[in-house]
Amino acid sequence: VLASAQAHLAQFPMPGVSMAQRLGLMAQAVESHRAEADTLDDAMLLHARVKLARLLDVSGHPVAAQAQLYANVVALQAGQNVRRIAMGLPEYRDFQRAMLMQAEALYARFLASHGQAEEGVKLARNSLQRAGRLQADHYASRDSQSAWLWAAMAAGQPLAVRQAPAGQH
């Protein structure tokens with residue numbers, strides 16, 4: 001509950017609360033979620049990291065923001081590998097895959113918007129290949145597709161955009 005309250009206070013500007021204070025609150029929320037989480041890919045922890053990354057980015061700390069988004073991708077990649085062995089439920093694997101694809105799409109967009117478009121293109125393309133049995137119109141597939149197109153445009157790859165399947169851009 002404390003972590004949620006800290007995150008809420010940090011997310012919305014309030015009179016008398018500086019950006020530094022908001023960053024501190026959000027960093028505390030991430031640490032609280034990390035302490036409460038039973039796995040590194042805990043949904044509340046992942047979400048708190050995204051919020052912290054957004055605050056860090058708008059306050060002029062893009063390297064720290066990138067580290068938060070990257071931590072989410074790494075946590076979900078590791079979690080998916082462990083669960084793939086332990087769980088035989090295709091729906092659960094699909095959910096984990098979709099969460100990873102969303103984290104990768106967000107990270108790819110971040111990379112593209114911070115002068116690392118080529119890396120964003122590579123990550124988004126790999127994410128699309130990970131889709132597996134997810135339907136093409138699944139939200140994670142669409143999110144990865146749009147991240148790839150966005151990064152490709154930022155990287156100056158118009159041919160990739162023109163060759164994208166119809167209805168994907």
Side-chain angles (χ1 to χ4, degrees), residues 1-116 119-120 122-124 126-132 134 138-144 146-147 150-151:
V1 174
L2 175 61
S4 295
Q6 290 167 323
H8 184 74
L9 288 171
Q11 188 174 6
F12 302 104
M14 295 185 328
V17 179
S18 69
M19 179 57 84
Q21 290 170 312
R22 291 174 61 202
L23 283 168
L25 285 168
M26 199 63 235
Q28 289 173 6
V30 168
E31 289 308 313
S32 295
H33 283 301
R34 187 185 336 259
E36 295 169 4
D38 58 346
T39 62
L40 292 176
D41 59 349
D42 177 80
M44 295 298 287
L45 175 57
L46 298 172
H47 189 62
R49 280 193 195 124
V50 169
K51 288 180 180 180
L52 177 57
R54 288 180 176 147
L55 281 176
L56 286 164
D57 193 29
V58 300
S59 66
H61 304 284
V63 174
Q66 182 174 345
Q68 294 298 316
L69 297 175
Y70 180 72
N72 278 356
V73 170
V74 170
L76 283 162
Q77 286 172 339
Q80 187 178 33
N81 291 337
V82 170
R83 288 195 177 101
R84 197 175 265 167
I85 295 166
M87 298 291 290
L89 301 173
E91 298 82 16
Y92 186 78
R93 286 195 308 266
D94 288 349
F95 177 72
Q96 286 298 112
R97 184 180 303 119
M99 285 180 56
L100 174 56
M101 290 173 68
Q102 283 191 294
E104 289 171 333
L106 182 60
Y107 187 44
R109 283 188 187 96
F110 180 90
L111 291 171
S113 66
H114 288 80
Q116 301 173 64
E119 292 86 2
K122 182 179 175 184
L123 179 62
N126 289 341
S127 185
L128 277 171
Q129 292 171 354
R130 182 184 321 285
L134 293 179
H138 188 277
Y139 67 90
S141 293
R142 285 183 295 188
D143 202 26
S144 291
S146 69
W150 197 75

With rounding to the nearest 0.5 angstrom, report the [atom1] to [atom2] distance, [X] to [Y].
{"X": "Q116", "Y": "L111", "atom1": "CD", "atom2": "CG", "value": "5.0 Å"}
{"X": "K51", "Y": "M26", "atom1": "NZ", "atom2": "CE", "value": "5.5 Å"}
{"X": "Q66", "Y": "D57", "atom1": "CD", "atom2": "CG", "value": "10.0 Å"}
{"X": "L25", "Y": "L52", "atom1": "CG", "atom2": "CG", "value": "11.0 Å"}
{"X": "M99", "Y": "L46", "atom1": "CE", "atom2": "CG", "value": "5.0 Å"}

**Study point:** ring pair (Phe, Tyr, Trp, His ring centres under 6.0 Å) partners of H114, counting only residues at least two apart
**Key:**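 Partners of H114 under the ring pair (Phe, Tyr, Trp, His ring centres under 6.0 Å) test: F110.
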Please give me the minimum heavy-atom distance between [X] and [Y], naming the atom from each residue.
{"X": "L76", "Y": "A103", "result": "CD1-CB, 3.6 Å"}
{"X": "A108", "Y": "A124", "result": "CB-CB, 4.1 Å"}
{"X": "V17", "Y": "Q21", "result": "CA-OE1, 3.2 Å"}
{"X": "L45", "Y": "H33", "result": "CA-CB, 3.9 Å"}

Exercise for review: Take M19 and L55, measure what side chain to side chain contact (heavy atoms under 4.5 Å, CB included) needs, and give me the verdict at the end.
Suggested key: CA-CA 8 Å; M19 179 57 84; L55 281 176; 4.1 Å; yes
**Study point:** Chi angles and distances behind the side chain to side chain contact (heavy atoms under 4.5 Å, CB included) call for K122, E119
**Key:** CA-CA 5 Å; K122 182 179 175 184; E119 292 86 2; 5.7 Å; no
Review point. Is any side-chain N of the basic residue among R34 and E31 closer than 4.0 Å to the acidic one's carboxylate O?
Key: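 Counted as a salt bridge, because a side-chain N and a carboxylate O are separated by less than 4.0 Å.
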Review point. Can any side-chain N or O of S127 pair as donor or acceptor with the backbone N or O of L123 at less than 3.5 Å?
Key: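 The answer is no, because no donor-acceptor pair under 3.5 Å joins these two groups.
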Exercise for review: Could you check E104 against Q77 for side chain to side chain contact (heavy atoms under 4.5 Å, CB included), going step by step and ending with a plain yes or no?
Suggested key: CA-CA 10 Å; E104 289 171 333; Q77 286 172 339; 3.6 Å; yes
